[in-house]
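Right, one structure below, let's go through it.
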Amino acid sequence: MSEATATPSAETIREELIKAYPSKVGKKRAKHILVNDPAAPPEIEANVRTIPGIITQRGCCYAGCKGVVLGPIKDIVHIVHGPVGCSFYAWMSRRNQAATGDGVQNYINYAFTTDMQDEDIVFGGEKKLAQAVREAYATFKPKAIDIFSTCPVGLIGDDVHAVARQMKEELGINVFGFSCEGYKGVSQSAGHHIANNGLFKNVVGEKDVAIDHPFTINILGEYNIGGDAFEIERILEKCGIKLVSTFSGNVKYNDIAVSHNAKLNVVMCHRSINYMAEMMEKKFGIPWFKVNFIGADSTAKTLRKIAQYFGDQTLIARVEAVIAEEMEAIKAVRTEVGGRLKGKTAMLFVGGSRAHHYQDLFSDIGMVAVTAGYEFAHRDDYESRRVIPSIKVDADSRNIEELHVEADPTRYAPRKTAEEKAAMEKAGFAWSDYDGMMAQMRKGTLVIDDISHLEMEKLIGFYHPDIFCSGIKDKYVVEKMGVPCKQLHSYDYGGPYAGFKGAENFYREIDRMIGKRIWKMIVPPWKQASPAA
Amino acid sequence: MLEMTPATSTERTALKINPAKTCQPVGAMYAALGVHGCLPHSHGSQGCCAYHRSHLTRHFKEPIMASTSSFTEGSSVFGGMANLQQAVSTIFEMYDPEIIAVHTTCLSETIGDDIPTIIGKCQNEGKIPEGKVIVHANTPSYVGFHVTGFSNMVKGFVKYLAASTGRRSEAVNLIPGWVEPSDMAELKRYTAAFNLPTIMLPDTSSVLDAPATGEHSFYPKGGTTVAQIRAMGDARHTLALGAWASSDAAELLTKQCEVPHEVLDLPIGLAATDRFISALAKLTGTAVPQGIEDERGRLVDVINDMHQYLGGKKVAIWGDPDQVIALTEFCRDMDMKPVHVLTGGNGQAFEERIKAILADSVPGANVKQQGDLFLMHQWIKKEPVDLMIGTTYGKFISRAEDIPLVRFGWPILDRVGHSYFPSVGYTGGLRLATQLISAIQERQDRDAPDHAFELVM
């Protein structure tokens, strides 16, 4: 807890951060640390290799594939092919909640692994994997089984896809595999892409059904951490919008199998799921746009845009009524907390979306983000999708398959004609859009990609933020420094924070964290210059 | 909760469900954090390091500093030498540790990276500053389990650093096993009570229970120093607590530096602590201090006073072999009935030892090494118990079957206290006994009809 002093300029802080490194490392990091200009976002280096030894927040490809995207599907038996650890650590640690009941099979509380031993590494693990799939089927009779490859699997040449095909035939259920070895790509991000591809090839489009509802949507990139999806489901139902499938919080296999029958895809976490939105549009003609259910104002904006898409006056009116009612319900807390926290500062270094989304929640109560960055995002998540054509494909991303998708010969049905889309666009309606973090952050804020531990400690020293948002590995470092740290991966085991009720939870939570009396009691009285008030 | 678990268990040869163990590297990381000024380094994909740091943090609610070689597909093909070399330079320049403790992963083991060669190369190229050291341990994730990794890392420190100068010191080496920082502090209190100069490796006390001061200390004040580890080679004796976690390093000290050793059980519970205290008395040739005998007496007193809540109660125990062996003996000595005893770790010796402990009291107990919590749940469905003792992962079974759970072992992700209050020794036994008694009493209170709801228990 240092004395508050005037914060140096972002340019000075940037130089100090770079200077702290050996020159070669500093040169590399300089491209990841930029002073923001929302009007003309500078080009940031992102989605490239982390420097070994730097102490990074990042995880691996497997974590992005199994942990993030596939793990939340509750009635699939997810078998992790590898030594025990990978399965163990991804077991219940991400807080993707799943409702039980109605006879739904729910494997969320289970971990399945082939627990590879040295003989499997030496002689190959395919037979053991096939046997594990058989045993899972014999014990549970699940709807589907999927298989996740960990580092050694690719190295020893186990063909998980061949085993999956063989088992699919033998057992008569869908069995599919993912080559998501931890070393692929440069972070969790590669795993998201691999997960999107596999889900698209093996599940999406499996079952054609007619859904008798005028307003059907899928929410892509919402994983129901802390119950966020439950709150979103509540709001949509109240508005009269039918949710066909979420990708992939609180969903069943069948929800995803029929998801291509919906009329609209909205994207929450752009980083982890934009591939799916693009592929579904190409194959089935489902348009998509970016939304954000984090923050009350953002939720209202999101609902209005969905209603506008359908263009139905009754729906528009109903959405307005819901917004008015929900906003009124949280108004008192928002005003009260906002009165206390207005102008306080936040730093957000997390994930591939949350470091942006949560700025909206802070802005609801008048707090400002002074510096932010993602753990594993790409340039488009910072600078907007407009830069995608100019992103260099390097050796690490070239290895991640880019599916070639064409319009389905019988099932491609544009939900809006090209003319309708153009007309709406002309009226200001953005399609397939994401403007990224930089456009929203103030001029002169510092944007940092793949932050290192050293940078984090130094930044806290420079900015003395009122709250720092990150994950479990940083949590207690930051709190030891006397600064509250809100985990935005696990929500510190709280939540939901999405939608209106979630926003209210978050306002109260941030108020509690910043206002803790214990912050004033860290220094013992005999070491204080003057007694604490 | 856990509705998909059928009551009847079928034989599984390939599929583990709800594992009761994890892989080696996390144990290596924990052990390395018990060395002063040490940065543990994970030579593998980023995910390993991220997962291990995360899980240790969840257990201790403390910063866990460690670095990674950040393997890519390229390094997996061409080897991770360049990554480790880069990591070594980066780490010494940025984080200035006294020592880097490298452990491998399934990835670097499968491709066969030769760590000593890479360390040698770093040395030759001047990447290791004067007076600083790098040690390593091979910790393939597909061999053994997390305790094996702990054991291997401790062995690694000994292998690289412990040396005999030819002059025996008065000191005794103590390898505490995989226990909490609180336990390590308690073990030191006992040896201090005997005035026995002790080098304990590792020592996570004052590292993973760091106070809030308003500053983050990257290398907290605790931990065995490099100089102390070097001096272990001159010690007159080594006490290794827990065969799985500690015996390998003790044996190496004998082999490498001719320090005689003995392996004891973890001093958890009355009888195991008696053996530990007797060993200290023998080593020092002094009588057991009265204060320690008083502590023992208090533990005996409480077990006797509250025996009605313990005697005959069926209990299920799982966790790491060293812990489970000691716990099973403790429960038996309080006349509880450990009917299901399981470890995720490997070693036939586990089953033999548990069966020997329970031979008289529970001859038909279910005992298994390399088991998992799915099997434990099925055992419990078949033969319910009054109490479960094990890690946080048992809370799902606890809820599904409505059986109280006393959390013990690693990891405990959902409660605090374990890192601050010891469970080794007599006072630790007292804490453990009161936890068990309270859990059973609370259940009795909850289930009692109004007329039998007791004021005095």
Side-chain angles (χ1 to χ4, degrees), chain A residues 1 21-22 25 49-56 58-60 62-63 83-85 87-89 100 105-107 109-118 120-121 128 131-132 135-136 138-140 151-152 155-156 182-184 186 395-396 399 454 457 472-473 475-477 480-482 522-523, chain B residues 1-4 6 10 12-19 21-23 26 44-47 50-51 53-55 57-58 61-65 67-74 76 83-84 86-91 93-95 106-107 110-111 140-143 145 210 212-216 396:
Chain A
M1 296 257 285
Y21 285 110
V25 176
R49 294 176 188 181
T50 299
I51 296 159
I54 201 165
I55 305 190
T56 172
R58 283 177 167 180
C60 65
Y62 158 81
V84 64
S87 166
F88 181 81
Y89 296 113
T100 43
Q105 295 189 345
N106 189 335
Y107 300 104
N109 297 321
Y110 293 78
F112 306 91
T113 172
T114 53
D115 187 17
M116 283 176 114
Q117 301 296 304
D118 45 359
D120 305 317
I121 301 294
K128 189 177 197 184
Q131 181 59 22
E135 288 172 3
T139 311
F140 302 105
C151 290
L155 300 173
I156 64 172
Y183 54 76
K184 290 202 168 150
V186 298
D396 298 309
N399 293 336
L454 185 84
E457 286 215 19
I472 183 73
K473 299 190 292 295
K475 166 94 184 176
Y476 300 102
V477 174
K480 281 275 193 282
M481 296 173 83
I522 292 175
V523 182
Chain B
M1 184 52 65
L2 300 181
E3 282 97 356
M4 307 312 299
T10 42
R12 286 175 281 125
T13 58
L15 185 67
K16 277 257 155 59
I17 311 172
N18 302 344
K21 64 165 180 179
T22 181
C23 58
V26 74
S45 295
Q46 276 159 187
Y51 277 137
R53 288 182 67 199
S54 297
H55 235 53
T57 306
R58 291 174 185 129
K61 318 292 183 208
E62 287 292 316
I64 302 290
M65 303 316 305
S67 55
T68 164
S69 288
S70 295
F71 269 59
T72 59
E73 194 150 7
S76 308
N83 293 57
L84 187 50
Q86 172 68 59
V88 166
S89 308
T90 314
I91 291 165
E93 288 217 39
M94 288 170 59
Y95 298 112
C106 50
L107 168 51
T110 303
I111 64 173
S141 315
Y142 44 78
V143 174
F145 65 116
T213 59
E215 310 266 334
H216 169 234
F396 301 97

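Chain letters run A, B, ... following the sequence lines, proteins first and then strands; every chain starts at 1. Keep in mind that what you see is a predicted model, and the values were worked out from it rather than measured.
- Among A:Gly182, A:Pro83, A:Ala395, the residue making the largest number of heavy-atom pairs under 4.5 Å with chain B is A:Pro83.
- When each of A:Ala136, A:Gly85, A:Ala111 is checked for heavy-atom pairs under 4.5 Å with chain B, A:Ala111 comes out on top.
- By number of non-hydrogen pairs under 4.5 angstrom with chain B, the leading residue of A:Pro22, A:Ala138, A:Ala63 is A:Pro22.
- Rounding to the nearest 0.5 Å gives a distance of 4.5 Å between OH of A:Tyr183 and CG of A:Leu155.
- With a threshold of 4.5 angstrom between heavy atoms, B:Tyr51 approaches chain A through its backbone and through its side chain.
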Chi angles and distances behind the side chain to side chain donor-acceptor pair (under 3.5 Å) call for A:Tyr89, B:Thr22: CA-CA 8 Å; A:Tyr89 296 113; B:Thr22 181; 3.2 Å; yes

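- Residue A:Leu454 touches chain B through both its backbone and its side chain, counting heavy-atom pairs closer than 4.5 Å.
- Proximity to chain A is absent for every atom of B:Ser89, based on heavy atoms less than 4.5 angstrom apart.
- With a 4.5 angstrom heavy-atom cutoff, A:Tyr21 touches chain B only via side-chain atoms.
- In terms of heavy-atom pairs under 4.5 angstrom with chain A, the leader among B:Val143, B:Ile111, B:Thr90 is B:Thr90.
- Between chain A and the residues B:Pro140, B:Ser54, B:Ala212, the largest count of heavy-atom pairs under 4.5 Å involves B:Ser54.
- Contact annotation for B:Ser67: both backbone and side-chain heavy atoms come within less than 4.5 Å of a heavy atom of chain A.
- Contact of A:Asn106 with chain B is made through the backbone alone, with heavy-atom distances under 4.5 Å.
- The closest side-chain heavy-atom distance from B:Tyr95 to A:Ile55 is below 4.5 Å.
- Not counting sequence neighbours, the partners of A:Asp115 by the salt bridge (charged side-chain N to carboxylate O under 4.0 Å, His left out) test are B:Lys16, B:Lys21.
- Rounded to the nearest 0.5 Å, atoms OG (B:Ser141) and CE (A:Met116) are 11.5 Å apart.
- We find the SG-CZ distance between A:Cys60 and B:Phe71 to be 13.5 Å, quoted to the nearest 0.5 Å.
- The structure places NZ of A:Lys475 at 11.5 Å from OG1 of B:Thr57, a figure rounded to the nearest 0.5 Å.
- The side chain to side chain contact (heavy atoms under 4.5 Å, CB included) search around A:Thr139 returns B:Pro6, B:Thr10, B:Phe374, not counting sequence neighbours.
- A:Phe140 and A:Phe112 have their aromatic ring centers within a separation under 6.0 angstrom.
- No donor-acceptor pair under 3.5 Å is formed between the side chain of A:Tyr110 and the backbone N or O of B:Asn18.
- Here B:Lys61 is the residue among B:Lys61, B:Gln86, B:Arg12 with the most heavy-atom pairs under 4.5 Å with chain A.
- At a threshold of 4.5 Å between non-hydrogen side-chain atoms, the residues A:Asn399 and A:Lys184 do not count as touching.
- Comparing B:Leu107, B:Thr68, B:Thr110, B:Ile91 by how many heavy-atom pairs each has under 4.5 Å with chain A, the most go to B:Leu107.
- Using a 4.5 Å cut-off between heavy atoms, B:Ile17 contacts chain A through both its backbone and its side chain.
- In terms of heavy-atom pairs under 4.5 Å with chain B, the best-connected choice from A:Thr114, A:Ile54, A:Asp396, A:Val25 is A:Ile54.
- Atom OG1 of A:Thr56 sits about 5.0 Å away from atom CD of B:Gln46, to the nearest 0.5 Å.
- A:Val477 touches chain B through backbone and side chain together, each having a heavy atom under 4.5 Å away.
- With a 4.5 Å cut-off on non-hydrogen atoms, A:Cys151 touches chain B through its side chain but not through its backbone.
- For the atom pair A:Met481 CE and B:Glu215 CD, the distance stands at 8.0 Å (nearest 0.5 Å).
- Contact count against chain A (heavy-atom pairs under 4.5 Å) is highest for B:Pro63 among B:Pro63, B:Ser70, B:Gly44.
- Using a 4.5 Å cut-off between heavy atoms, B:Phe145 does not touch chain A at all.
- Each of B:Arg53, B:Glu93, B:Met4 has some count of heavy-atom pairs under 4.5 Å with chain A, and the biggest count is that of B:Met4.
- The contact between A:Arg49 and chain B is made entirely by side chain atoms (from C-beta outward), counting heavy-atom distances below 4.5 Å.
- Contacts of B:Glu62 with chain A are made by both backbone and side-chain atoms, with heavy-atom separations under 4.5 Å.
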